[in-house]
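Along the sequence shown, residues are numbered consecutively beginning with 1.
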Amino acid sequence: MTTSSEVDHSPDAPSDEPSSDHGTPEPPSSGSRFPAALLSTRYLIPAFAAVGLVLLGLAYLAQAKTQGIISEGASQALQGWDMLHGNFLLHGWSMSDVSFYTTEIPEYAVVEALRGLSGNTVAIAAALSYFLQVVMAGFLARGRSAGKEAWVRTFIAVGIMLAPTLGPATALLMASPDHIGTHVPLLLIFLVIDRVRPRWWLPVVIVVLLTWAQVADALVLVEGALPIAAVSLIRMYRRRGPWRGQVYDLSMLVAAGLSAGLSKVVLKVIMDAGGFYVRTPIAAFGTPDQIGTTFWAKIENVLLVYGADFFGQVLSGTVFVAAIHLIGLVLVVWALVHVVRHFFVEEDQIAQMFAVAFVAVFAAYIFGTKTDSNEIVGLLPIGAVLAGRMLGKKVIDSRLVPALGVILLVTVVFLVGNASSAPKPNANHVVASWLQEHHYKYGLAGYWNASSVTAETGGNVMVRPIRTYNDFVLATNFETNATWYDPKQHYANFVIWTSTDFCGDLCLKRKGLLGAFGKPAREYAVGNYLVLVYNKNLLPAVPYLGFCGTSWPWVARGEPTANLHCNSHA
């Protein structure tokens with residue numbers, strides 16, 4: 001079957017009318033101020049595109065700044081800072097179950113090399129990641145089509161992603177390193193598959209790229225390696241010819257499988273060489289009761305990813321914004337249904353791979369135990385590419401291009417409004433400034449009040465996260481560096497304390513602080529915070545421990561253990 005992706009790639013046939021783009025152009029009239037060539041589409045379209053890309057990047061930076069820096073993003077910024085200053089293997093660091101080691105952490109290092117470490121580091125890197133995804137999604141949706149269909153495909157994909165709604169959606173897509181940033185290398189991988197004609201060396205490039213991405217994020221196994229392997233296997237089954245004709249798809253299948261093993265080897269080699277430690281992701285199927293209980297909450301999160309969450313909203317402008325974004329989700333579902341219905345006769349392997357990726361991510365989310373919306377952010381770029389790639393010709397044939405133009409213009413207005421919103425300062429800015437002004441250099445705080453202060457001050461004030469446990473204080477191996485707590489290297493003499501309104505669910509208990517450190521020599525009220533100052537080094541009273549069997553040790557209730565990697569009996 002021939003689909004819209006398999007259109008005639010030859011140039012449009014020339015018309016009977018002479019064109020200024022062919023042959024010798026007519027000379028400009030004597031009254032013309034500019035050469036006619038400068039007014040031709042050959043120059044105007046690239047010029048408009050370049051200006052548009054610059055404005056798009058600036059808009060995303062402004063929108064990213066509407067989210068204040070938090071310690072999750074600040075922790076990765078500090079990892080990038082360490083990498084920039086020679087700690088290439090990130091010695092001493094313990095990550096979450098996603099390392100970002102080969103993707104966003106180097107991106108942070110580059111940003112910091114150009115701009116230094118500051119409260120804007122996270123916003124710049126997050127905006128850059130999202131910008132690259134939108135641009136690459138447009139190119140992937142375009143495929144090898146040409147002319148009007150190419151532009152329609154591009155605008156469908158870009159329009160779906162163009163203007164994430166303010167608030168939770170912006171926090172999800174543009175706030176700090178997370179699975180969303182993983183889609184920069186993922187889209188690059190699929191662009192290589194789409195644009196490079198099959199050669200013997202292409203599977204080698206793919207295994208390298210897949211391994212590179214999976215070292216950073218195991219989600220690439222589901223969204224990258226699995227779809228490539230599945231579609232290659234199906235193409236081999238459909239062809240059923242001699243092995244000579246199966247070499248390319250077989251090599252792609254092997255490349256996808258090999259990357260999964262190689263990424264684990266790379267991570268182990270790094271850890272054995274004294275580099276960072278990354279946790280094994282916890283993945284499990286939910287029970288029927290769990291699946292039923294969380295089903296609608298998960299559907300709401302899917303709507304949130306697309307900016308279309310209307311649940312619980314009062315009829316207002318917010319609902320109108322959600323309704324416009326809901327059109328994008330409808331287009332994605334339309335495209336997905338089309339590919340699934342014609343899957344075994346579909347000729348567009350990229351569309352097939354994206355359909356497999358979409359279904360795999362969605363199914364894993366619905367039937368899994370995790371309810372966090374960050375687990376499904378990939379549905380946005382995957383769905384946008386799928387819609388653009390499959391629906392370009394259908395929109396043209398249905399004469400829906402004017403309607404598409406109107407919706408795209410509305411989303412541009414949304415983006416301008418988002419970018420015009422006031423930046424949100426770091427919630428810890430006041431105490432960070434006070435500490436810097438009073439020359440305090442090294443201290444401790446709860447998780448949400450620690451690394452963000454360090455980043456906000458450009459590392460001039462270093463605040464390390466701790467938690468209280470019963471009657472004592474400890475640090476744990478999650479987005480921290482064990483060397484931070486070495487009393488031979490550092491002298492910590494203050495603690496930032498705040499109430500539940502300003503420390504989220506990770507507040508320090510005064511009872512635990514008194515049990516570990518005793519009474520402070522001085523207390524200073526700084527905004528909504530208390531700075532507890534001691535005349536001694538607090539680090540000897542802060543053991544560095546782990547909590548096995550939990551993905552979020554800062555609130556774990558089990559017994560802590562000195563077995564940080566949980567790889568043997570404690």
Side-chain angles (χ1 to χ4, degrees), residues 60 63-64 66-73 75-76 96-98 100 104 122 126-127 129-130 133-134 137 160-184 186 217-220 222-223 281-286 290-313 318-319 321-322 324-326 328-330 332-333 336 357-384 386 418 424 448 479 504-505 551-552 554-555:
Y60 286 151
Q63 183 167 346
T66 64
Q67 302 297 309
I69 184 175
I70 61 174
S71 284
E72 285 183 333
S75 296
Q76 274 85 42
S96 66
D97 57 359
V98 185
F100 304 113
E104 286 173 280
V122 173
S129 286
Y130 195 76
Q133 289 173 67
V134 172
I160 291 172
M161 298 184 66
L162 185 63
T165 55
L166 289 175
T170 301
L172 184 64
L173 301 174
M174 293 187 192
S176 59
D178 212 322
H179 294 305
I180 185 64
T182 299
H183 295 86
V184 173
L186 262 175
D217 189 348
L219 189 65
V220 176
V222 177
E223 295 188 14
I282 298 176
F285 288 107
Q290 289 174 321
I291 294 171
T293 301
T294 60
F295 178 79
W296 284 109
K298 291 179 177 180
I299 294 299
E300 183 177 15
N301 281 339
V302 173
L303 295 175
L304 172 65
V305 167
Y306 281 90
D309 181 15
F310 57 86
F311 286 178
Q313 300 287 343
T318 303
V319 174
V321 173
I324 295 297
H325 284 90
L326 187 60
L329 181 55
V330 170
V332 170
V333 174
L336 180 64
F358 192 102
V359 172
V361 171
F362 182 76
Y365 185 61
I366 293 297
F367 294 106
T369 57
K370 293 184 178 181
T371 58
D372 298 336
S373 54
N374 65 338
E375 299 293 327
I376 52 167
V377 289
L379 295 182
L380 178 59
I382 291 170
L386 198 59
N418 295 347
K424 183 178 180 181
W448 296 119
E479 299 296 350
D505 56 348
S551 59
W552 185 238
W554 291 105
V555 293

*Do side-chain atoms of Asp372 reach the backbone of Asn374 as a donor and acceptor pair under 3.5 angstrom?*
no

*Just how far is it from atom NE2 of His179 to atom CZ of Phe100, taken to the nearest 0.5 Å?*
6.5 Å

*Nearest-0.5 Å distance, CD1 of residue Ile299 to OH of residue Tyr365*: 9.0 Å

*Check the angle between the aromatic planes of Trp448 and Trp552 and answer parallel, tilted or perpendicular using the 30° and 60° thresholds.*
tilted

*Distance-minimising heavy-atom pair for Val377 and Leu172*: CG1-CG, 3.5 Å

*Polar side-chain atom of Thr66 near backbone of Gln63 as donor-acceptor pair, under 3.5 Å*: yes

_Main chain of Thr371, side chain of Glu375: is a donor-acceptor contact present, judged purely on distance under 3.5 Å?_
no

*Distance in Å, Phe310 CZ paired with Thr318 OG1, rounded so as to fall on 0.5 Å steps*: 14.0 Å

*For Val332 and Ala384, work out which heavy atoms get closest and say how close.*
CG2-N, 4.2 Å

*From NE2 (His325) to CG (Leu303), nearest 0.5 Å*: 12.0 Å

*Which heavy-atom pair separates Pro164 from Leu173 by the least distance, and what is that distance?*
CB-CD1, 3.8 Å

_Ignoring hydrogens, what is the shortest heavy-atom contact between Leu304 and Pro168? Give both atom names and the distance._
CD1-CB, 3.8 Å

_So does Met161 get a backbone contact from the side chain of Tyr130, meaning a donor-acceptor N/O pair under 3.5 Å?_
yes

*asked:* Any side-chain to backbone donor/acceptor pair from Tyr306 onto Val330? Under 3.5 Å, distance only.
replied: no

*Please check if any side-chain donor atom of Thr170 sits under 3.5 Å from a side-chain acceptor atom of Gln67, or the reverse.*
no

*asked:* Ignoring hydrogens, what is the shortest heavy-atom contact between Met174 and Ala64? Give both atom names and the distance.
replied: O-CB, 3.7 Å

*Does any non-hydrogen side-chain atom of Gln133 lie less than 4.5 Å from one of Ile180?*
yes

_Step-by-step side-chain contact (heavy atoms from CB on, under 4.5 Å) determination, Ile382 to Phe362_ = CA-CA 11 Å; Ile382 291 170; Phe362 182 76; over 6 Å; no

*Write down the atom of Val220, the atom of Leu186, and the distance for their closest heavy-atom approach.*
CG1-CD2, 4.1 Å

_How long is the straight-line distance from NZ of Lys370 back to NZ of Lys298, given to the nearest 0.5 Å?_
11.0 Å

*State the OG-CD distance between Ser96 and Glu72, to the nearest 0.5 angstrom.*
8.5 Å

